Number of protein chains: 2
Amino acid sequence: MNIGDVATRTGLPAKTIRYYEEIGLIKPPRDENGYRRFRDNDVHKLNFLGRARALGFTIEDCRTLMALYEDETRASADVKKVARAHLAQIEAKIADLNAMRDTLGHLIDACAGDDRPDCPILRDLSRNP
Amino acid sequence: MNIGDVATRTGLPAKTIRYYEEIGLIKPPRDENGYRRFRDNDVHKLNFLGRARALGFTIEDCRTLMALYEDETRASADVKKVARAHLAQIEAKIADLNAMRDTLGHLIDACAGDDRPDCPILRDLSRNP
DNA sequence: ATGAGGGTTCCAGTCACGGGAAGGTCAAGG
DNA sequence: CCTTGACCTTCCCGTGACTGGAACCCTCAT
């Protein structure tokens with residue numbers, strides 16, 4: 001299978017697939033003409049990666065998770081640990097964003113949004129401390 | 001005032017202040033020795049920028065907001081529009097993260113987290129479609 | 001032979017900085 | 001007067017995870 005077919009199948013852009021090869025996440029062999037030849041296993045890995053990335057795991061997490069996936073003797077505790085650390089990051093990010101949303105929401109509500117220059121949003125941004 | 005004092009006052013790293021000058025957000029004059037000399041107005045602007053960045057506005061948004069702030073004839077509607085667009089981005093991001101958190105949370109709950117290799121997290125990541 | 005539609009590499013850019021090197025400036029202390 | 005140490009300066013590279021584009025090769029159909 002060539003890269004275009006794999007891109008269609010996995011939903012990943014060809015550029016991304018080449019990038020994943022470049023950083024060593026997959027190692028498809030080459031045909032005589034230099035084209036990458038993807039085996040089922042490569043496609044499987046790419047699906048795995050796409051799914052892990054969609055859950056927000058970093059590339060390095062993906063590397064770790066793939067290694068665990070391929071290690072038949074893994075302990076599920078190791079997987080869970082990676083996932084929990086990532087969940088904590090997500091929750092921290094959500095908390096940050098919630099705080100921003102609340103502040104911004106209040107400011108927007110307080111702003112008349114008309115032709116006049118008076119604006120609580122700018123007042124807040126330029127407040128002293 | 002030199003950059004170190006400004007950094008202390010605004011809470012922004014000196015590197016960031018130099019960067020903001022480089023991209024034209026502030027234009028502090030220079031002393032004879034080449035040092036940046038910050039006036040109250042520059043410090044004020046930097047506080048504004050720090051606050052806007054803390055609310056997650058992009059640098060380009062900050063540029064727009066500062067321009068509006070300095071335009072006495074602005075319409076608050078223009079400010080509100082920028083803020084609302086940003087709020088929408090934040091909410092979209094929160095929605096994404098909430099979905100990740102939910103999925104990841106379920107998977108983590110389902111994972112025994114012991115010595116055995118069997119792991120619902122990896123099963124989900126490697127599932128077919 | 002020519003064109004369309006694959007594939008390949010390499011380089012540059014994204015965003016908002018941060019790290020670190022190499023060197024100029026200034027105030028205080030010996 | 002000299003040195004020390006804390007400042008300041010510019011310049012360049014690296015970050016994460018790609019994306020866009022140029023320039024070029026391969027294959028097949030017309």
Side-chain angles (χ1 to χ4, degrees), chain A residues 1-39 42-43 45-46 48-66 85-86 89-90 93 96-97 100, chain B residues 1-39 42-43 45-46 48-66 85-86 89-90 93 96-97 100:
Chain A
M1 227 183 323
N2 284 345
I3 200 166
D5 304 318
V6 178
T8 305
R9 279 210 201 188
T10 61
L12 296 172
K15 278 275 191 187
T16 298
I17 297 172
R18 291 195 193 97
Y19 174 65
Y20 287 170
E21 186 202 32
E22 189 189 327
I23 63 174
L25 287 174
I26 52 167
K27 304 191 197 313
R30 301 298 182 113
D31 277 343
E32 297 224 334
N33 56 13
Y35 288 16
R36 290 166 184 84
R37 186 165 43 79
F38 293 86
R39 300 146 302 182
D42 297 312
V43 178
K45 281 190 186 178
L46 286 168
F48 185 100
L49 291 168
R51 187 109 182 91
R53 291 287 300 130
L55 284 177
F57 284 103
T58 66
I59 290 285
E60 282 318 300
D61 281 346
C62 290
R63 208 186 289 279
T64 304
L65 290 171
M66 279 233 314
H86 178 46
Q89 300 260 345
I90 288 176
K93 192 93 185 165
D96 284 355
L97 289 172
M100 289 181 198
Chain B
M1 225 182 325
N2 285 343
I3 200 166
D5 305 318
V6 178
T8 305
R9 280 210 200 186
T10 61
L12 297 172
K15 277 275 189 189
T16 298
I17 297 171
R18 290 195 193 97
Y19 174 65
Y20 287 170
E21 186 202 31
E22 189 189 327
I23 63 175
L25 287 174
I26 52 169
K27 304 190 198 312
R30 301 297 183 112
D31 278 342
E32 295 223 335
N33 56 16
Y35 288 17
R36 291 167 183 84
R37 187 166 43 81
F38 294 86
R39 299 148 302 180
D42 296 312
V43 177
K45 280 189 186 178
L46 287 168
F48 185 101
L49 291 168
R51 188 105 182 91
R53 291 287 301 130
L55 284 177
F57 284 103
T58 65
I59 290 285
E60 283 317 300
D61 281 346
C62 290
R63 207 186 290 278
T64 304
L65 291 171
M66 280 233 312
H86 178 46
Q89 299 262 339
I90 288 176
K93 192 91 185 166
D96 284 356
L97 289 172
M100 288 181 198

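Since this is a predicted model, take the numbers as computed values, not measurements. In what follows, chains are A, B, ... by sequence order, proteins preceding strands, each numbered from 1.
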Distance, rounded to the nearest Å, where [X] contributes [atom1] and [N] contributes [atom2]:
| X | N | atom1 | atom2 | answer |
| --- | --- | --- | --- | --- |
| B:Phe57 | C:dC17 | CZ | P | 15 Å |
| B:Glu32 | C:dT25 | CD | C1' | 13 Å |
| B:Tyr35 | C:dG24 | OH | P | 12 Å |

Should we say atom CD of A:Glu21 is surrounded by more than 12 heavy atoms from elsewhere, each under 6.0 Å from it?
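Buried by this count: over 12 neighbours within 6.0 Å.
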
CZ of B:Arg37: more than 12 outside heavy atoms within 6.0 angstrom?
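Yes, enclosed.
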
For the student: nearest non-hydrogen atoms of [X] and [Y], plus distance:
| X | Y | result |
| --- | --- | --- |
| B:Val43 | B:Met1 | CG2-CE, 3.6 Å |
| A:Val6 | A:Leu46 | CG1-CD1, 3.5 Å |
| A:Ala54 | B:Met100 | O-CE, 3.5 Å |
| A:Ala52 | A:Cys62 | CB-SG, 3.7 Å |
| A:Asn2 | A:Arg36 | OD1-O, 3.6 Å |
| B:Ile17 | B:Leu12 | CD1-O, 3.9 Å |

Using a heavy-atom cut-off of 4.0 Å to chain B, what are the terminal contacting nucleotides of DNA chain D, in 5' to 3' order?
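So the outermost contacting nucleotides come out as D:dC7 to D:dC11.
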
Using a heavy-atom cut-off of 4.0 Å across all strands, would you classify B:Tyr20 as base, sugar-phosphate, or nothing?
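B:Tyr20: backbone/sugar contact only, no base atoms under 4.0 Å.
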
Classify the nucleic acid contact of B:Arg37 as base, sugar-phosphate or nothing, counting any heavy atom under 4.0 Å across all strands shown.
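Contact class for B:Arg37: none.
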
Could you tell me if the side chain of B:Ile59 sits less than 4.5 Å from the side chain of B:Leu25, heavy atoms only?
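The answer is yes, as the side chains (C-beta and beyond) meet within the 4.5 Å cut-off.
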
What I'd like to find out is whether the side chain of B:Thr8 reaches to under 4.5 Å of the side chain of B:Asp5, using heavy atoms alone.
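No; the side chains remain at least 4.5 Å from each other.
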
Which residue lies toward the 5' end of DNA chain C, B:Ile59 or B:Asn33, if each is placed at its nearest nucleotide?
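On the 5' side of the pair lies B:Ile59.
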
Residue whose closest nucleotide on DNA chain D lies nearer the 5' end, B:Asn2 versus A:Arg53:
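Upstream on the strand: B:Asn2.
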
Side chain B:Tyr19 and base C:dG18 donor-acceptor under 3.5 Å
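No, the side chain and the base share no sub-3.5 Å donor-acceptor pair.
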
Five pairs at each end of the helix from C:dA1-D:dT30 to C:dG30-D:dC1: take the axis at both ends and give me the angle between them to 10°.
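Helix axis angle between the two ends: 40°.
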
A:Arg36 vs C:dT8: side-chain N/O to OP1/OP2 distance below 4.0 Å:
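Checking C:dT8 against A:Arg36, a side-chain N or O does come within under 4.0 Å of OP1 or OP2.
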
So does A:Ile23 get a backbone contact from the side chain of A:Arg63, meaning a donor-acceptor N/O pair under 3.5 Å?
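At least one qualifying donor-acceptor pair exists.
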
Below 4.0 angstrom, which residues in residues 3-18 of chain B have at least one non-hydrogen atom near DNA chain C?
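Under 4.0 Å from DNA chain C: B:Pro13, B:Lys15, B:Thr16.
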
